[in-house]
Amino acid sequence: MKYQPQKIEKKWQKVWAKNNYKIWHAKDKPSKKHIYILDMFPYPSGEGLHVGHVEGYTASDILSRYYRMKGYDVLHPIGWDAFGLPAENYALKTKKPPQEVVPKNIKRFKEQLQSLGFSYDWQREINTTDPNYYKWTQWIFLQLFKKGLAYEEEVYVNWCPSCKTVLADEEVIDGKCDRCGTPVERKKLKQWVLKITAYADRLLKDLNLIDWPERVKTMQKNWIGRSEGVEIDFKLEDSDKYITVFTTRVDTIYGVTYLVLAPEHPLAAEICAPNYLLEVKKYIDLSLQKTEVERLLNAKEKTGVFTGSYAINPATKERVPIWISDYVLMNYGTGALMAVPAHDERDFDFAQEFHLPIKEVISYDGQIHNEILKPYTGEGILVNSGPFDGTPSEIAREKIALFINARKVVNYKLRDWVFSRQRYWGEPIPIIKCPKCGNVPLDEKDLPLKLPEITKYEPTGQNESPLADISSWVNVTCPRCGGPAKRETNTMPQWAGSSWYYLRYLDPKNKKQLVNPKIEKSWMPVDVYIGGVEHAVLHLLYARFWHKFLYDIGVVSTLEPFHKLINQGIILGEDGEKMSKSRGNVVNPDDIIKEYGADSLRMYEMFMGPLSFSKPWNTKGITGIYRFLNRVWDLIQNAFSQKNKKKDEYKLTPEAKKKLQEDLKEIERLRQKTIKKVTEDIEALHFNTAISALMTYTNALGEIPSEYLKKTYYETLVILLAPFAPHITEEMWHIFLKHKTLVSFEKWPKYNEKLITDNDVIIIAQINGKTKLTFKVRKGENQKIVEEKARKLLKKYLNEKKIKKTIFVADKLVNFVI
RNA sequence: GCCGAUGUGGUGAAAUUGGUAAACACGCGAGGUUUAGGACCUCGUGCCUUCUGGCUUGUGGGUUCGAAUCCCACCAUCGGCACCA
């Protein structure tokens with residue numbers, strides 16, 4: 001009988017699917033031995049599943065199947081992240097409403113996931129666009145609102161003219177929209193904002209509690225961007241007003257030769273001297289029109305304008321000119337800075353451009369330098385700094401801060417999360433805008449606030465969501481005063497639903513609570529979370545923020561949602577380039593499954609290399625795995641089909657008999673070794689080497705006539721292979737090994753460390769650290785005997801030379817230094 | 001520029017408590033089987049060589065009896081951030 005994956009796989013998928021996948025269903029209250037293994041849930045796009053999904057999902061499936069066989073209660077759920085721009089844009093493109101397109105895409109994704117044999121708990125399936133789900137997304141928003149962490153503010157926001165909506169900072173890459181690549185514009189708009197900055201410190205600090213890849217932690221650290229410094233007030237000349245600046249380097253205050261305000265700074269126009277006003281206004285207008293891309297393009301060439309006004313340096317009492325320039329960002333620090341051109345590159349460039357003085361105050365060698373060709377940005381000894389001359393930077397910072405009465409502050413690069421979108425396909429924000437009462441939250445009992453079905457869902461581009469056009473939905477009475485009011489028409493961003501979905505899996509049908517606290521406590525946190533690195537500062541940061549908030553209001557019991565994070569690498573096309581339609585190098589999993597079967601696809605992707613590496617696809621490589629599965633199939637089929645095969649040891653020559661005895665001993669050692677290797681490799685997610693070990697074991701089994709091998713040897717292979725290739729192993733277990741049970745729930749074998757090592761060990765014989773030969777001795781053999789043996793064997797190399805030193809490592813090596 | 005990761009055969013890679021470098025595959029070569037192709041099976045396959053051995057883990061140095069592995073400097077590739085005061 002030939003191995004026919006197409007037939008076998010369908011057959012076992014049907015068996016597993018019985019009673020809505022009951023066999024994979026996790027208990028609400030697990031036993032102590034439990035593990036929560038989570039995938040980043042897919043966005044059901046129109047393109048269907050790609051091989052990158054398959055990689056991460058196979059890894060988590062192997063883990064889940066392994067831990068089930070180990071006797072764990074395993075929670076391994078899946079669902080759909082279906083709100084947001086991609087689905088809406090796809091709907092617009094195909095001219096069908098999202099309500100129609102999204103379920104179709106989900107259906108296709110579900111079929112694809114099932115065709116791969118993933119052991120998901122489908123009874124816990126969730127969908128972020130289901131009102132029963134987003135009811136709780138809206139509920140979380142209301143809690144944030146009640147705690148003052150969701151607020152409306154007129155801010156400069158990123159506006160994508162193509163997607164016709166505002167974007168969060170995290171969604172802007174190099175000044176361009178993350179979705180469509182259009183350069184974003186700056187617009188001042190009133191938007192809903194979530195106060196993620198209130199959690200900046202904890203988001204940073206608690207990175208120490210979690211087992212995440214270093215690079216993801218670093219990205220989050222950089223994104224949060226904490227820096228300690230001081231705020232200093234510079235009094236304006238001839239006025240009582242102050243300009244407050246932020247600096248991390250108060251030690252350079254004697255080197256301040258001018259101040260700079262951001263063009264958006266509220267005082268920018270106000271402080272301007274009358275005869276400079278025209279110029280200043282022109283500059284401000286011009287810089288506000290620039291897109292972020294334009295502004296960054298010529299970052300090296302500084303532009304700016306003098307206001308004609310001066311402020312007083314609180315340390316030197318000197319007057320310093322006040323300039324305006326777009327190299328100062330309004331949304332960092334105070335939107336104003338003290339410029340120290342001698343010790344800051346940007347200030348240096350600006351000072352050169354406008355011929356402003358450059359004054360050295362930090363010396364790297366204690367000397368004073370007449371000419372400064374390059375700013376020195378490091379620390380050193382203060383010079384030209386009055387009473388602080390000779391003080392090291394670090395100490396000077398403390399002393400000067402005290403001297404001028406500066407306030408210690410901590411600044412973050414992290415900005416509050418712009419949370420409203422002017423688009424249709426998202427969760428409606430549950431707020432009513434009343435002319436009298438302001439923003440009134442919806443009563444919790446009125447949730448979910450359903451997204452109305454409409455015919456015109458194209459974005460308007462008028463800073464409003466298409467929902468604004470449905471007067472029957474928009475116009476309501478104020479729940480507080482009963483007067484006429486309107487609903488908030490903006491919707492939530494794509495990231496809302498995914499910021500807490502891992503909690504809903506625990507209790508997906510609960511109508512009264514987001515999650516039952518008892519169930520939450522018994523499963524959380526997520527033990528292993530597998531997904532792409534592209535979410536490092538988006539989803540993973542937002543989810544941590546919401547989780548910490550939910551912790552504060554008592555909904556969850558853990559400080560962090562995801563204990564261990566694994567990033568799978570990107571699978572590149574055969575040409576080594578990123579897979580893309582335009583390059584024509586996309587590999588479709590459906591085609592591979594059709595030709596080789598899901599088991600081969602799963603195993604190939606695991607065999608390609610370490611999970612976290614980016615690696616190119618190689619269709620030839622999959623034939624290697626396919627051949628392997630065929631070999632396993634034939635091996636086991638042959639072993640159990642030739643009924644008449646008999647042991648005929650008596651026919652063997654004494655030498656052959658001896659060899660057989662040794663081979664049988666060796667294969668038992670290898671079996672033990674393989675169990676150990678596969679077990680440890682799965683737990684460490686080293687699937688590529690686990691598969692190698694299985695191949696080695698299979699090759700060795702093939703060397704020995706099956707009539708001399710006990711059934712256990714083949715069973716071990718099938719069991720160890722089961723998490724990787726669930727279909728073929730289920731079939732072999734049933735058809736060839738004649739079991740009535742499912743191998744998916746067979747007990748994972750244990751190994752015996754004692755049986756792994758031989759009585760004989762191989763000793764490496766070296767001269768001056770170079771290996772010359774190896775020889776066998778009994779395990780634990782006496783040092784003298786081993787050395788003597790080595791000396792004899794190495795005679796021709798040693799030839800009478802004096803041995804200066806001998807290094808002996810028990811059971812490992814002898815090294816003669818001559 | 002800053003931060004992070006990585007560098008080993010023709011290819012994907014293995015070996016990380018320092019102890020036989022290249023496991024397991026792909027590819028390639030030879031042979032078998034086959035009408036042929038494909039599939040399958042067997043053997044070989046880091047480089048150089050005077051066949052004795054010598055060399056080899058991005059480059060250069062160091063520590064050590066011994067380094068892919070530890071330390072220092074440099075180079076390259078990938079990813080992230082980038083006028084953040």
Side-chain angles (χ1 to χ4, degrees), chain A residues 2 173-175 213-223 225-227 229 245-249 252 260 262 295-296 298-302 325-329 331-340 343-347 349-350 377 411-415 533-534 536-537 567 569-570 572 576 603-604 607-610 612-628 630-631 634 677 686 688-699 702 762-774 803-809 811-818:
Chain A
K2 257 189 78 184
I173 312 292
D174 293 327
E214 210 42 55
R215 65 169 167 165
V216 177
K217 284 193 187 184
T218 307
M219 275 191 234
Q220 292 213 348
K221 273 180 207 158
N222 291 344
W223 191 262
R226 180 192 153 97
S227 54
V245 304
F246 171 75
T247 182
T248 53
R249 295 294 302 270
T252 64
V260 201
R295 200 178 68 80
L296 292 171
N298 304 312
K300 198 73 191 155
E301 274 118 65
K302 297 283 180 284
S325 171
D326 66 1
Y327 86 90
V328 179
L329 307 171
N331 58 15
Y332 185 75
T334 60
L337 62 80
M338 57 176 227
V340 186
H343 305 293
D344 182 280
E345 272 177 54
R346 298 143 303 176
D347 297 346
D349 292 341
F350 190 83
T377 58
N411 247 308
Y412 296 95
K413 281 203 258 179
L414 184 70
R415 301 265 58 88
V533 73
E534 65 272 16
V537 287
N567 293 129
I570 299 165
L572 306 164
M603 277 191 87
Y604 171 59
F607 187 60
M608 287 170 87
S612 60
F613 280 28
S614 285
K615 49 228 160 208
W617 181 269
N618 177 3
T619 300
K620 283 270 172 56
I622 201 165
T623 61
I625 290 288
Y626 184 62
R627 280 205 282 256
F628 166 69
N630 268 292
R631 273 206 305 280
D634 291 342
K677 177 85 179 143
H686 295 163
N688 53 333
T689 47
I691 293 171
S692 300
L694 289 170
M695 286 173 168
T696 306
Y697 181 57
T698 304
N699 293 344
I762 289 167
I763 301 288
I764 301 155
Q766 297 181 324
I767 292 176
N768 291 342
K770 295 233 171 203
T771 303
K772 292 297 172 190
L773 50 86
T774 60
I803 296 169
K804 274 202 280 187
K805 196 174 168 187
T806 306
I807 283 116
F808 173 81
V809 182
D811 294 341
K812 240 178 193 165
L813 84 140
V814 179
N815 183 14
F816 297 114
V817 184
I818 58 171

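Predicted model, so just to flag it, every value in this text is computed and none were measured. Below, chain A is the first sequence line, B the second, and so on; all start at residue 1. All values below were derived from every heavy atom in this structure, side-chain atoms included, with hydrogens, water molecules and symmetry-related copies excluded.
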task: Taking A/Arg249 for its side chain and A/Thr377 for its backbone only, find out whether a donor-acceptor pair lies under 3.5 Å.
output: yes

- request: Assign each of A/Gly624 and A/Val216 to its nearest nucleotide of RNA chain B by heavy atoms, then name whichever residue's nucleotide is nearer the 5' end.
  value: A/Val216

- line: Between A/Arg249 and A/Asp174, the residue closer to the 5' end of RNA chain B by nearest nucleotide is A/Asp174

field: Interatomic distance where CD1 belongs to A/Ile622 and P belongs to B/C24 [whole Å]
entry: 21 Å

Euclidean distance for [atom1], [N] against [M] (whole angstrom):
| N | M | atom1 | value |
| --- | --- | --- | --- |
| B/U59 | B/G7 | C1' | 11 Å |
| B/C47 | B/A22 | C1' | 13 Å |
| B/G9 | B/G29 | C1' | 16 Å |

Counterpart base for [N], defined by Watson-Crick or G-U wobble contacts under 3.5 Å:
| N | result |
| --- | --- |
| B/G1 | B/C81 |
| B/G37 | none |
| B/A67 | none |
| B/G44 | B/C28 |
| B/A76 | B/U6 |

- prompt: Given B/C81, B/G27, B/C24, which nucleotide is nearest the side-chain atoms of A/Arg627?
  reply: B/G27

query: What is the per-nucleotide protein-contact pattern of nucleotides 7-23 of chain B, from the 5' end, where B denotes a base atom under 4.0 Å from a protein heavy atom, S denotes such proximity for sugar-phosphate atoms only, and - denotes neither?
result: -----BSS----BB--B

message: What's A/Asn699 touching, base or sugar-phosphate or nothing? Going by heavy atoms closer than 4.0 Å.
response: sugar-phosphate

field: Syn-anti status, with the boundary at 90° from 0, for the nucleotide B/G9
entry: syn

Set of residues satisfying side-chain hydrogen bond (donor to acceptor under 3.5 Å, both in side chains) with respect to A/Thr689, sequence neighbours excluded: A/Asp681

message: So for A/Lys300 and B/C83, does any side-chain atom that can act as donor or acceptor lie under 3.5 Å from a complementary atom in the base?
response: no

